[in-house]
Amino acid sequence: MGGRQRRTARTSADLLEAGVIRPEQRAAIDRLAADFATAVTPAMLDLIDPADPADPIARQFVPGAEEATIAPEERADPIGDEVHSPLKGIVHRYPDRVLLKATHVCPVYCRFCFRREAVGPGGEALSETELADAIDYIRERRDIWEVILSGGDPLMLSPRRLGAIIGQLAGVEHVGVIRVHTRVPVADPARVTAAMVKALVAATPVYVAIHCNHPLELTEAALAALRRLAQAGLPLVAQTVLLKGVNDDADTLARLFRGLVQAHVRPYYLHHGDLARGTSHFRTSIAEGQALMRALRGRVSGLCLPTYVLDIPGGHGKVPVGPAYLHDVDGRHTIDDPWGGHHAYPPVVASPDSTC
Ligand SMILES: *Cc1c(COP(=O)(O)O)cnc(C)c1O
């Protein structure tokens, strides 16, 4: 396996030293560096097989020349965060939920990230005053029921700072749930220390959403980190991005989702790839995503099946785009079963006095 290097690779020189690129790849990677941040943790470097040109871990984290291709439909802000940002660090798109982005830093920079223009060491973190203003915004709005810590990766904050933020949010009476989105348990499991776990536990339930895209990411160390979180009573869910050449086959997804469920993590969303700049080589068609969801239905436990969603470009929200099993023809229902059969189902006939 590739990396013997024990620090995070951030430059083409680091990637070369770690043995995960060839010298002739350096120039293209250096040209991309101005636009998109790079970081590959030792844990992820160790998983890369440099002899495999289609390595699913390298494809997710090691920059490639394909990223220089910007498709016409791609945008810097693919899901419309900006139109819903009333102040720095807050995205408020749904009445009952807000995103709070306390940091712009991540342990790794995923090459397909929908916020790839906003994250990275060059991005500004919130100052103490800006963070206080963001928390005031939440405190002043009684409709906000859920606060989602995102970013950047909140687990890149020190346990002291993260614990302080969670403690303040837990102190807001109308905040019923806190959600923390993170790639740290997979990308840098050693950061999930006892102090970090303690920082996450609060009187208000804290759901931890693990970002994980390939079964290889569930290493012994990652599984141990997930166990520490689960044993502290934190409910765990997972988000996966559907990625061409990484996880766009039913076997890989089945292994991933089963591995997550066995690690106490309930798959929540499978995201269709967003229109982030320089990511067309990662996107499948929606029809391919639907075919994969259809292939999994009936084959794996329902606990292993996330909802396949698309975040509508422009800030219009996330909606399910999975396959439809119910077809209505001439007022009659036909339902597909998981094995390709079709079945008539009697529709309820509205009674004459029905108001709908
Ligand atoms: C994804 C997202 C949420 C959370 O959506 P859920 O469907 O509740 O998981 C909330 N706000 C914004 C701005 C989002 O992008």
Side-chain angles (χ1 to χ4, degrees), residues 74-104 106 110 112-119 123 126 130-131 133-135 137-155 165-166 169 172 174-183 200 204-213 234-243 257 260 265-277 279 286 289 293 303 305-322:
E74 292 177 344
R75 355 178 147 193
D77 178 19
I79 70 165
D81 278 348
E82 263 160 44
V83 290
H84 293 296
S85 183
L87 79 164
K88 203 172 159 192
I90 294 276
V91 184
H92 195 176
R93 186 163 73 185
Y94 300 99
D96 71 329
R97 281 155 282 171
V98 289
L99 296 193
L100 172 56
K101 300 189 280 183
T103 174
H104 288 70
C106 294
C110 301
F112 47 84
C113 176
F114 67 96
R115 245 181 236 134
R116 61 191 320 222
E117 319 260 349
V119 295
L126 289 192
E130 287 165 338
L131 183 60
D133 289 348
I135 292 173
Y137 177 92
I138 293 164
R139 205 177 274 125
E140 286 157 12
R141 284 166 182 78
R142 301 196 56 83
D143 286 351
I144 298 174
W145 172 79
E146 180 177 22
V147 179
I148 302 166
L149 296 180
S150 180
D153 193 315
L155 268 67
I165 294 170
I166 289 176
L169 295 172
V172 180
H174 54 267
V175 173
V177 172
I178 299 165
R179 198 195 312 177
V180 177
H181 277 260
T182 180
R183 205 136 168 51
L200 287 163
T204 302
V206 178
Y207 280 65
V208 182
I210 312 293
H211 290 205
C212 187
N213 299 323
L234 296 159
L236 307 179
V237 299
Q239 292 212 139
T240 296
V241 184
L242 179 58
L243 298 166
F257 297 148
L260 286 165
V265 187
R266 168 74 163 99
Y268 173 54
Y269 279 162
L270 173 67
H271 288 268
H272 186 71
D274 290 312
L275 299 174
R277 292 201 306 139
T279 63
I286 291 179
M293 291 304 297
L303 281 177
L305 288 179
T307 305
Y308 178 38
V309 293
L310 172 70
D311 212 319
I312 305 167
H316 304 289
K318 292 181 190 72
V319 289
V321 290

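Just so you know, ligand 1 is whichever comes first in the structure, and atom 1 is the first atom listed for that ligand.
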Counting non-hydrogen protein atoms only, what is the nearest one to [atom]? Give residue, atom name and distance.
atom: atom 4 (C) of ligand 1; result: I148 CD1, 3.6 Å
atom: atom 8 (O) of ligand 1; result: R97 NH1, 2.7 Å
atom: atom 1 (C) of ligand 1; result: K318 NZ, 1.3 Å

Hey, is ligand 1 close enough to [X] that some N/O pair sits below 3.5 Å?
X: Y268; value: yes
X: E146; value: no
X: D81; value: no

Taking only heavy atoms of [X], which atoms of ligand 1 are found under 4.0 Å from at least one of them?
X: I79; result: 15 (O)
X: L99; result: 11 (N), 12 (C), 13 (C)
X: V91; result: 13 (C)
X: R179; result: 4 (C), 6 (P), 8 (O), 9 (O)
X: Y269; result: 6 (P), 7 (O), 9 (O)

Using the ring centroid of each side chain, check whether H271 and F114 are separated by less than 6.0 Å.
no

For the residue pair T279 and R116, confirm or rule out a side-chain donor-acceptor distance under 3.5 Å.
no

Under a 3.5 Å distance rule, please check whether [X] uses its side chain to pair with a backbone N or O of [Y] as donor and acceptor.
X: T240; Y: N213; result: no
X: H84; Y: G315; result: yes
X: H272; Y: D274; result: no
X: D153; Y: R183; result: yes

How about OH on Y207, more than 12 heavy atoms from neighbouring residues, nucleotides or ligands closer than 6.0 Å, or not?
no

Identify the heavy atoms of G273 and V241 that sit nearest to each other, and give their distance.
CA-CG1, 4.3 Å

